[in-house]
Amino acid sequence: MKVCLLIHGFTGGEHEVSPLAEYLEAQGYTVKMFTLQGHGGSKADLRNATRLDWIDSAEVELQQLLTTYSKIHLIGFSTGALIAAHLVVKYPNHICSLTMLSTPVFPLNPQQIIRTLYQWPMVKAYIRNLFVVPSKATREFYRIVHESFTIYPHIKIPALIVQGDQDHLVKMKSASYLAEHVGTPDTRVIIVPNSGHLVCYAERKSDFFADVQVWIDTHHLTFPQS
């Protein structure tokens with residue numbers, strides 16, 4: 001049985017990864033999604049949840065799966081990819097593969113983001129989000145980004161790295177940095193053409209969905225050398 005735990009991103013929800021989840025379910029995989037602590041509720045909920053709370057809530061979901069299944073595939077989107085990386089280091093003998101989607105190794109700053117938004121509705125949506133997201137939560141995001149640099153070299157399991165070539169939130173060099181600095185030689189980088197940050201909604205998403213499936217199938221039941 002191939003089991004996948006999908007983790008959404010900062011300020012997001014299950015919808016960010018649901019197209020990939022639905023694809024994998026259609027292939028017969030067991031798929032679990034959930035909402036990170038502080039997300040999906042009020043602004044106060046997001047303000048009061050720390051990056052450690054996000055990781056802890058994902059760990060609870062992983063532990064629940066491990067009560068039934070001994071081997072899991074982790075798939076994280078954006079900040080969810082950072083969270084997945086932390087879990088991989090803590091549970092290396094239970095994670096078969098890691099898939100990192102749109103990982104914010106090098107997130108763009110606000111001025112850079114606005115320059116990458118080509119349409120006024122996108123600019124308005126981003127500016128509105130600045131006022132909706134509590135500054136405390138934003139600081140927690142940048143803390144997990146910074147802390148993850150010490151995590152990458154300790155990733156010893158196969159890592160698939162996926163990034164859109166028009167990502168307006170993450171610098172393109174993030175994908176190549178991961179490929180060079182994760183602690184496993186078993187990596188692959190996929191650049192999704194004509195895709196922004198939400199790669200699971202890209203025009204050609206089915207192509208990389210199939211690649212994710214092949215990656216999982218290839219690395220099912222394999223583990224790093226101790």
Side-chain angles (χ1 to χ4, degrees), residues 1-36 39-40 54-55 57-59 61-62 64-66 69 71-88 91 94-105 107 148 155 157-170 172 174-175 178-179 182 186-222:
M1 176 67 69
K2 297 166 188 174
V3 184
C4 302
L5 178 62
L6 280 71
I7 309 174
H8 68 77
F10 175 57
T11 74
E14 294 180 11
H15 65 277
E16 293 175 324
V17 292
S18 58
L20 176 56
E22 292 168 2
Y23 173 88
L24 293 173
E25 285 181 332
Q27 311 309 311
Y29 296 5
T30 296
V31 177
K32 178 68 182 295
M33 295 184 292
F34 67 99
T35 302
L36 290 168
H39 293 66
W54 306 340
I55 296 171
S57 63
E59 185 173 4
E61 298 293 334
L62 176 60
Q64 289 179 349
L65 285 175
L66 290 175
Y69 309 98
K71 305 165 184 66
I72 308 293
H73 297 270
L74 276 184
I75 301 173
F77 166 74
S78 195
T79 304
L82 304 180
I83 294 170
H86 284 251
L87 293 179
V88 161
Y91 296 87
H94 294 285
I95 311 299
C96 294
S97 73
L98 171 65
T99 297
M100 308 177 79
L101 310 175
S102 305
T103 311
V105 178
S148 295
I155 296 174
I157 67 167
L160 177 64
I161 301 156
V162 181
Q163 185 167 345
D165 67 349
Q166 296 180 20
D167 194 327
H168 61 282
L169 296 179
V170 174
M172 280 296 296
S174 294
L178 285 174
V182 293
D186 192 355
T187 64
R188 181 186 175 191
V189 174
I190 297 175
I191 303 300
V192 183
N194 302 317
S195 174
H197 192 60
L198 292 168
V199 289
C200 289
Y201 289 86
E203 293 179 3
R204 297 175 58 181
K205 60 182 181 293
S206 59
D207 291 344
F208 99 78
F209 285 1
D211 289 333
V212 171
Q213 180 186 356
V214 170
W215 183 261
I216 291 173
D217 290 346
T218 301
H219 296 93
H220 190 54
L221 305 183
T222 60

I want to check something: taking the side chain as every heavy atom from C-beta on, are [X] and [Y] in contact at a cut-off of under 4.5 Å?
| X | Y | answer |
| --- | --- | --- |
| Leu5 | Val3 | no |
| Cys200 | Phe209 | yes |
| Leu98 | Val182 | no |
| Asp211 | Arg188 | yes |
| Leu87 | Ile95 | no |
| Ser102 | Val199 | yes |
| Lys2 | Leu24 | no |
| His219 | Leu160 | no |

- In Å, rounded to the nearest 0.5 Å, how long is the span from OH of Tyr91 to CG of Leu66?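 Reported value, rounded in 0.5 Å steps: 7.5 Å.
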Between His94 and Tyr69, is the ring centre distance below 6.0 Å?
no
Are His8 and His15 close enough that their ring centers fall under 6.0 Å?
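No, the ring of His8 stays outside the 6.0 Å limit from the ring of His15, centre to centre.
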Q) Closest approach of Ala81 and Thr103, non-hydrogen atoms and distance? A)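 Looks like CB-OG1, 3.4 Å.
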Exercise for review: Give the minimum heavy-atom separation between Ala179 and Ile161, together with the two atoms involved.
Suggested key: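 Minimum heavy-atom contact is N-CD1, 3.5 Å.
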Is it true that the side chains of His73 and Thr99 contain a donor and an acceptor less than 3.5 Å apart? no
Side chain to side chain contact (heavy atoms under 4.5 Å, CB included) assessment of Ile7 paired with Leu36: CA-CA 8 Å; Ile7 309 174; Leu36 290 168; 4.0 Å; yes
Practice problem: If the plane angle is over 60° it's perpendicular, under 30° parallel, otherwise tilted; pick one for Phe10 and His39. | Solution: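 Because their plane-to-plane angle is over 60°, the rings of Phe10 and His39 count as perpendicular.
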Problem set entry | Check: Ser195 main-chain N/O paired with Asp165 side-chain donor or acceptor under 3.5 Å | yes
task = Go through the steps to decide whether Glu16 and Ser78 satisfy the test side chain to side chain contact (heavy atoms under 4.5 Å, CB included), and finish with yes or no.
result = CA-CA 9 Å; Glu16 293 175 324; Ser78 195; 6.0 Å; no
